[in-house]
Enquirer: 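Got a structure for you, questions after.
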Amino acid sequence: MTAEVTWLDVWTPQEGADRVRALFAGTFEAEPEGTWSAPGRVNLIGEHTDYNGGLCLPIALPHRTYAAVRRRDDGVVRLVSAQEPTGIRTVDLADVAPGTVDGWAGYAVGVAWALRQAGHPVAGFDVAVDSCVPYGAGLSSSAALEASTAVALDEVFGLGLTGSDEGRAALAALCVRAENEIAGAPTGGMDQAASLRSQDGHALLLDCLDGSVRQVPFDLAAHDLALLVVDTRAEHALVDGQYAARRASCEAAAARLEVATLREISDDPRGLEWALDKLDDEVQVRRVRHVVNEIDRVTWFVALLDAGEVGLVGTLMNASHASLRDDYEVSCRELDLVVDTARATGAVGARMTGGGFGGSAIALVAADEVDRVAQAVADAFAAEGLRAPAFLVATAAGPAL
Ligand code: ADP
Ligand code: MG
């Protein structure tokens with residue numbers, strides 16, 4: 001059987017800007033003051049580590065969300081999105097508080113709210129949004145929406161935060177607040193940092209304990225390799241509940257171990273075994289084992305990149321997937337099928353990426369094997385009667401601007 005392989009579109013910055021400018025003009029009958037954009041992201045390794053004060057290693061995707069913005073003289077925000085054909089949403093900034101803005105608008109309005117909470121002089125605005133970041137695919141369309149809004153408001157209201165990494169880190173933290181408190185979605189901080197603080201051609205080593213970053217050169221083409229991203233298009237219920245349960249488990253284990261975050265266990269000279277021995281809950285044992293080992297894998301992954309041994313990171317990707325599947329229990333049939341099929345077709349390594357229960361998986365493959373691996377995955381999905389997945393090839397792109 002030969003299934004059809006669907007490749008996801010990517011727009012050039014000019015295309016994205018033109019589209020969103022036209023949407024703005026057609027909706028609000030005025031020209032925007034400018035257009036801004038922010039990338040989705042894919043995490044190379046370090047999953048479910050961000051809310052444990054750990055390490056992760058995302059890259060920004062060439063797929064971006066575009067925002068066209070014009071300031072208003074009142075406190076009103078009007079929003080329109082090409083991805084949400086429900087027309088114009090109107091929100092009064094004075095009324096915004098946790099639980100008051102439902103649906104997608106909360107992600108963008110939440111950023112204005114968080115900026116105002118932090119004392120920044122942000123008032124009303126009109127915003128139009130269009131995006132080629134796959135929606136709800138675990139590639140962080142939500143952070144791309146927040147970050148594109150954040151850099152737009154930064155410039156329109158003259159806040160001057162985007163000019164430095166310190167300012168961008170502050171914006172990322174406010175985007176996290178927007179997503180947690182106004183959109184009401186739990187998120188750990190990796191996505192917003194990746195969208196705002198990445199650099200072209202680099203992976204972002206993010207230390208979630210103190211928010212520090214290191215830019216790690218990441219050029220797969222120089223090694224004749226490519227990163228294939230597979231959006232499983234799987235829809236599983238209870239994703240947020242499962243995420244919350246994992247976080248709660250980690251917090252309970254940290255409390256039992258008398259540490260602020262599980263990061264302290266990975267830094268503790270007594271080692272993982274000491275910590276696991278102190279836990280009497282078998283589920284917590286497995287959760288902690290995943291988190292601590294995963295943080296170590298990020299360190300090894302970066303060491304291999306630094307040494308130019310990119311071909312060797314596959315083992316770490318495979319180990320990460322096994323740990324997420326068996327110890328953290330966040331994989332699913334579709335993610336396992338991508339990973340198993342890609343490896344059987346010769347991938348150097350493969351793993352689920354993002355929170356799990358659907359979303360996307362990544363496979364590191366020889367550059368001239370991309371089509372063959374994608375075909376094999378598409379065929380495997382068709383053979384199992386699953387919804388057809390979608391594919392893209394990821395390169396390390398630039399940040400929100
Ligand atoms: P992911 O971030 O992995 O794509 P999430 O569930 O975190 O998935 O975020 C998806 C949600 O973010 C959408 O349901 C929508 O509410 C909002 N969103 C993301 N991109 C856009 C967009 N371009 N226009 C409107 N809403 C968006
Ligand atoms: Mg998201």
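Just so you know, ligand 1 is whichever comes first in the structure, and atom 1 is the first atom listed for that ligand.
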Enquirer: With no hydrogens and no angle check, just 3.5 Å: does a side-chain donor-acceptor pair link Q375 and D371?
Expert: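 There is no such pair between these side chains.
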Enquirer: Given a threshold of 2.8 Å, state how many protein N/O/S atoms are nearer than that to the Mg ion (ligand 2).
Expert: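 Near the Mg ion (ligand 2), the number of protein N, O or S atoms below 2.8 Å is 1.
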Enquirer: Pick one: which of D191, D207, L206 meets side chain to side chain contact (heavy atoms under 4.5 Å, CB included) with C56?
Expert: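 Per the side chain to side chain contact (heavy atoms under 4.5 Å, CB included) rule, the option paired with C56 is L206, out of D191, D207, L206.
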Enquirer: Give the table of side-chain donor-acceptor pairs shorter than 3.5 Å for residues 143-159, with sequence neighbours excluded, one pair per line with atom names and distance.
Expert:
residue	atom	partner	partner atom	Å
E146	OE1	Q192	NE2	3.1
S148	OG	A144	O	2.9
S148	OG	L145	O	3.0
T149	OG1	L145	O	2.7
D154	OD1	G160	N	3.3
D154	OD1	L161	N	2.6
D154	OD2	L161	N	3.4
D154	OD2	T162	N	3.3
D154	OD2	T162	OG1	3.0
E155	OE1	W36	NE1	3.0

Enquirer: Looking at W11, I'd like to know if its CH2 atom is crowded, meaning that more than 12 non-hydrogen atoms belonging to other residues, nucleotides or ligands lie closer than 6.0 Å.
Expert: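 Yes, because the 6.0 Å sphere around CH2 of W11 holds more than 12 heavy atoms from other groups.
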Enquirer: Could you list the donor-acceptor pairs under 3.5 angstrom formed between side-chain atoms of residues 27-35 and any protein atom two or more places apart in sequence or on another chain?
Expert:
residue	atom	partner	partner atom	Å
T27	OG1	L23	O	2.6
E33	OE2	R71	N	2.7

Enquirer: Regarding S331 and D336, do their side chains bring together a donor and an acceptor under 3.5 Å, going by distance alone?
Expert: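 Judged by distance alone, the side chains do pair up.
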Enquirer: Dump the pairs for me: ligand 1 N or O, protein N or O, distance under 3.5 Å, to 0.1 Å.
Expert:
residue	atom	partner	partner atom	Å
ligand 1	2 (O)	S141	N	3.1
ligand 1	2 (O)	S142	N	3.0
ligand 1	2 (O)	S142	OG	3.0
ligand 1	3 (O)	G138	N	3.1
ligand 1	3 (O)	S140	N	3.4
ligand 1	4 (O)	G136	N	2.9
ligand 1	4 (O)	S141	N	3.0
ligand 1	4 (O)	S141	OG	2.6
ligand 1	7 (O)	S142	OG	3.1
ligand 1	23 (N)	Q83	OE1	3.0
ligand 1	24 (N)	S81	OG	2.7
ligand 1	26 (N)	Y135	OH	2.8

Enquirer: Indicate whether the side chain of R351 and that of S320 have a donor and an acceptor atom separated by less than 3.5 Å.
Expert: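 Per modelled atom types, R351 and S320 side chains form a pair under 3.5 Å.
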Enquirer: My understanding is that only one of N318, L220, L228 makes a side chain to side chain contact (heavy atoms under 4.5 Å, CB included) with L364; could you say which?
Expert: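 Between L364 and the candidates, side chain to side chain contact (heavy atoms under 4.5 Å, CB included) is satisfied uniquely by L220.
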Enquirer: Is the shortest side-chain heavy-atom distance between R246 and H290 below 4.5 Å?
Expert: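 No, side chains not in contact.
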